[in-house]
Structures are given as C-alpha cells and as structure tokens.
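Scroll down for the structure; my scribbles are underneath it.
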Amino acid sequence: MIAFVSGPVAAVAPDSAVVEVGGVGIAVQCTPNTLSGLRVGRQAKLATSLVVREDSLTLYGFTDDDERQVFELLQTASGVGPRLAQSMLAVHSPDALRRAVATADEKALTEVPGIGKKGAQKLLLELKDRLGEPLGAPAVGRPVTSGWRDQLHAALIGLGYATREAEEAVAAVAPQAEAVEGAPQVGVLLKAALQTLNRAR
C-alpha cells in the first residue's frame, strides 16, 4: 500500500500529475480540484490509494487523508469503481458527500456524471452508515468564492498554458460561472476551460 507520494511535481495533465520520488516519476490520477493546487517544479505531497487490477496498477492522489478515505469508502458500494468514486469527489467535497448521504439528497448525487436517479437512490441506501457525519460547516459541493478567476487562472498556468491563453479561457467560461446559483466550482470550470483551449488549438 502506497499511503502517499511526496516530491517535486514533474508534470501536470488534465486528469493526472507526475511526482518525482527518489528519481522515479510516479503517475497519479487526480481530480481537477487537486490538480489546481499543483505547480510544476514545486514540492507536493498527495495522499494516495493504489487500485490493483489484473492488467493495471493505478495510483489515485488526493489533497488529504480524508478525501482518500471517502474515495475508498465510496467503492464499498456496489457498482462504484475508482473512476466513479473520483468523479464524485470531482463534483463534491468529502463533507458535501457525507451531507448528501445523511440528508438523502438525491439531487446532489445525480449532479455527478454517470449517476441517475435510481443509482442515486441505491447509493444513498448503501452508503448511509458508511461515510459518517459531516465534519465541517454546511456547504454544497466545493464552494469557491469570487476568487474563482484567480484559482482557475493559476490552475491553467500550472498546466503549462501561456498567460494570454489562460486569460482567454477564463473569459470564455465566465458566463457559465456567473450563471451558476451561488459559488461556481473550479473543477467544473477547469474542464470547460480546457475544452475551450483544445478547440482553439
């Protein structure tokens, strides 16, 4: 079991990062929220979970131990593999998932790509006694303050885009961000920004 990786960030991609550990580049699958905090060349420490399959070994990385624990607990529900568990954490914070399960909030779970109404109902039943109570203050998803522009811009720069490209991508997704009730989620905006940049190239 690899509990964490620590070292300089060698590369950052839309869905993964490479951390140099003892001269070896370790590829780690991460959510956009986790990736937005990484910078190439800077030190990083990610809690990790190793998923072993017959044909692959995949390391998933998280900002902290709590996120990793929720990732592993989600997979105890039938039909939830590492990809879906990671998608759930890309849309909602660990506490938001705990709150959704504790309050039987189907709508929150159906916001995750790949989860329909029936799937959400099934997950609520299976996870009811597994995730525990929310730890922090009430929140929905991963709330981001009005500083979403700065966070998104920094994430794009961290992915290797030029300052001008990052600024144009932020401007392109601004209408989407402003259309959201409450605070937008940087992870969702990052995906949209990357699609905009890919079309522009």
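These numbers come from the heavy atoms of this one structure, side chains and all, not from hydrogens, waters or symmetry mates.
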Donor-acceptor contacts, no H, no angles, side chain residues 43-51, under 3.5 Å, sequence neighbours left out:
residue, atom, partner, partner atom, Å
Thr48, OG1, Ile2, O, 2.5
Thr48, OG1, Ala3, O, 3.4
Thr48, OG1, Phe4, N, 3.3
Ser49, OG, Glu72, OE2, 2.9

**OP:** Measure from the side-chain N and O atoms of Glu168 to the backbone N and O of Glu165, and report whether any donor-acceptor pair falls under 3.5 Å.
**Re:** no
Subject >> Spatial distance of atom OG1 (Thr31) from atom NE2 (His92) [nearest 0.5 Å] >> reply: 13.0 Å
**OP:** Give me the one residue out of Leu125, Leu127, Asp129, Leu123 that meets side-chain contact (heavy atoms from CB on, under 4.5 Å) with Val101.
**Re:** Leu127
Original post:
Would Arg42 and Glu20 pass as an ion pair if we require N to O under 4.0 Å?
Top reply: no
**OP:** Of all the heavy-atom pairs spanning Arg99 and Thr103, show the shortest one and how long it is.
**Re:** O-OG1, 2.7 Å
**OP:** Could you tell me which non-hydrogen atom of Val91 sits nearest to which non-hydrogen atom of Pro113, and how far apart they are?
**Re:** CG2-CD, 4.1 Å
Subject >> Heavy-atom pair of closest approach, residues Ala193 and Leu152 >> reply: CB-CD1, 4.3 Å
Subject >> Closest approach of Ala17 to Leu38 (non-hydrogen atoms, all atoms of both residues) >> reply: CB-CD1, 3.7 Å
**OP:** With the side chain counted from C-beta on, respond yes when Phe62 and Asp64 share a heavy-atom pair under 4.5 Å apart, and no when they do not.
**Re:** no
Subject >> Spacing of CD belonging to Gln29 relative to CG belonging to Leu59, to within rounding of 0.5 Å >> reply: 9.0 Å
Subject >> Residue of the set Val173, Leu189, Val170 for which side-chain contact (heavy atoms from CB on, under 4.5 Å) holds with Arg149 >> reply: Val170
Between side-chain atoms of residues 73-82 and protein atoms elsewhere (two or more places apart, or another chain), which donor-acceptor pairs fall under 3.5 Å?
residue, atom, partner, partner atom, Å
Gln75, NE2, Phe71, O, 3.2
Thr76, OG1, Leu73, O, 2.5
Thr76, OG1, Arg130, NH1, 2.9
Ser78, OG, Lys122, NZ, 3.4
Ser78, OG, Glu126, OE1, 3.4
Ser78, OG, Glu126, OE2, 2.6

Subject >> Separation of Met88 CE from Ile115 CD1 (nearest 0.5 Å) >> reply: 4.5 Å
Original post:
Is Leu57 reachable from Val18 through a run of hydrophobic residues whose side-chain heavy atoms are each under 4.5 Å from the next?
Top reply: no
**OP:** Look at the side chain of Glu67 and the backbone N and O of Thr63, then say whether any donor-acceptor pair between them is shorter than 3.5 Å.
**Re:** yes
Subject >> Pairs touching residues 80-91 that satisfy side chain to side chain donor-acceptor pair (under 3.5 Å), sequence neighbours left out >> reply: none
Original post:
Is it true that Glu111 and Lys107 make a salt bridge, defined as a side-chain N closer than 4.0 Å to a carboxylate O?
Top reply: no
**OP:** Measure the shortest side-chain to side-chain distance between Asn33 and Leu89 over non-hydrogen atoms and say whether it is less than 4.5 angstrom.
**Re:** no
Original post:
Heavy atoms, side chains only, cut-off 4.5 Å: are Cys30 and Val12 in contact?
Top reply: no
Subject >> Where Leu35 and Ser16 come nearest, the two heavy atoms and their spacing >> reply: CD2-O, 3.5 Å
Original post:
Could you walk me through whether Asp95 and Leu97 pass the side chain to side chain contact (heavy atoms under 4.5 Å, CB included) check?
Top reply: CA-CA 5 Å; Asp95 245 16; Leu97 285 172; over 6 Å; no
**OP:** Over all heavy atoms of both residues, which pair between Pro8 and Gly41 is shortest? Give the atoms and the distance, please.
**Re:** CB-O, 4.4 Å
**OP:** State plainly whether the residues Asp66 and Arg98 are in salt-bridge range, i.e. N to O under 4.0 Å.
**Re:** yes
**OP:** Would you mind reporting whether Arg39 and Val9 have side-chain heavy atoms less than 4.5 Å apart?
**Re:** no
